[in-house]
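All remarks here apply to the structure that follows.
Ligands are counted one by one from 1 in listed order, and the atoms in each one are counted from 1 as well.
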Amino acid sequence: MRKYLLVGVLGSGKSTHAAMLTRDFDLVRISAGDILRWHVGHHTKIGARVRETMAAGRLVDDSLVEGIIRERLEQHDWNHGFVLDGFPRNRRQAEFFLERYDVDAVICLDVPDAQARDRALSRRMCGDCGLDYNLIGGRPRREGVCDSCGGRLEAREDDTPEALTARIDDHRENIAALLDRLRRKAPVFVVDASRDPDTVQEEIRMLLRLPSQRFGHRQDGHKT
Ligand code: AMP
């Protein structure tokens with residue numbers, strides 16, 4: 001069983017690295033942002049409560065996000081473990097989490113603010129399946145169309161310059177206290193995520209003592 005937390009500023013590659021780990025080690029990726037976007041897209045009561053807050057780039061109410069994460073983890077569909085992407089985001093959420101679960105390691109993806117901003121502004125997301133694209137490094141095969149499901153690619157509603165500033169400020173305000181709290185329970189590795197995704201992923205795997213990507217895609221690490 002492996003339980004990892006991935007934290008980092010917007011555009012630091014949390015979703016990319018969570019996806020690479022979950023794919024190869026049979027883990028479940030749980031992203032508070034994805035669940036909240038699902039609620040907004042499906043016009044649920046929760047969606048109505050969080051829509052404006054999210055669009056403005058502000059953090060959603062702690063107890064609401066904690067409830068969502070608790071419910072998701074209670075599904076217990078994570079036999080081999082999970083990667084939490086974007087939760088916890090502050091000290092209070094960390095307390096909530098650590099009272100209920102243990103954690104093997106925390107990866108903090110670090111990129112300079114200017115690069116985070118550039119990456120987010122070039123990001124596009126599929127409105128149907130949620131897959132992420134990047135107009136710098138990961139362009140879709142057909143412009144504006146999702147390679148996976150054919151859905152329409154669009155900028156995230158909260159990737160506007162104003163919302164980016166709010167989100168970066170929130171991150172900078174919370175990160176030191178968050179990491180201090182987490183460090184008391186698990187090793188915290190700060191990784192320079194300004195490099196290309198494969199290099200960053202290799203370093204993450206080395207730190208977590210997981211087999212390299214070069215050894216294929218089986219979770220026991222045997223070459224495929
Ligand atoms: P993300 O997809 O991680 O960039 O999150 C998108 C938005 O969802 C954030 O800007 C917040 O409005 C909200 N959100 C995601 N995770 C959290 C969290 N742990 N606490 C509060 N708000 C969150």
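- When only interatomic distances are considered, the shortest N/O to N/O separation between Arg89 and ligand 1 falls below 3.5 Å.
- Of the charged side-chain nitrogens involved, at least one lies within less than 4.0 Å of a carboxylate oxygen, so that Asp102 and Lys3 count as a salt-bridged pair.
- Taking every heavy atom of both residues into account, Phe189 and Ala105 meet most closely at CE1-CB, 4.1 Å.
- The heavy-atom pair separating Gly11 from Val111 by the smallest distance is O-CG2, 4.5 Å.
- In this structure, Glu74 and Tyr101 approach most closely via the heavy-atom pair N-OH, 4.3 Å.
- Within the 4.0 Å heavy-atom criterion, the part of Leu36 lying near ligand 1 is the side chain and not the backbone.
- Looking at Arg58 against ligand 1, only its backbone comes within 4.0 Å, counting heavy atoms.
- For ligand 1, the atoms closer than 4.0 angstrom to any heavy atom of Leu59 are 21 (C), 22 (N).
- Counting only heavy atoms of the protein, atom 10 (O) of ligand 1 lies nearest to Arg167 NE, 3.7 Å.
- When only interatomic distances are considered, the shortest N/O to N/O separation between Lys14 and ligand 1 does not fall below 3.5 Å.
- Classification of Asp180 and Arg91 as a salt-bridged pair fails, no side-chain N sitting under 4.0 Å from a carboxylate O.
- By the criterion of a heavy-atom distance under 4.0 Å, the side chain of Val65, and not its backbone, is placed next to ligand 1.
- In summary, of the residues considered (Arg142, Arg141, Glu143), a side chain to side chain contact (heavy atoms under 4.5 Å, CB included) with Val145 occurs for Arg142 alone.
- Using a 4.5 Å heavy-atom threshold, the side chains of Arg37 and Glu157 count as separate.
- When only interatomic distances are considered, the shortest N/O to N/O separation between Arg156 and ligand 1 falls below 3.5 Å.
- With respect to atom 7 (C) of ligand 1, the closest heavy atom belonging to the protein is Met54 CE, 3.7 Å.
- Between Gln93 and ligand 1, an N or O atom pair is found at a separation short of 3.5 Å.
- Heavy atoms of Leu10 stay at 4.0 angstrom or farther from ligand 1.
- Using a cut-off of 4.0 Å between Lys/Arg side-chain N and Asp/Glu carboxylate O, Arg181 and Glu95 are scored as salt-bridged.
- Among the atoms of Val60, some N or O lies under 3.5 angstrom from an N or O of ligand 1.
- A salt bridge links Arg72 to Asp77: at least one charged side-chain nitrogen sits closer than 4.0 Å to a carboxylate oxygen.
- Near Phe87, with a cut-off below 4.0 Å to any heavy atom, the atoms of ligand 1 are 19 (N).
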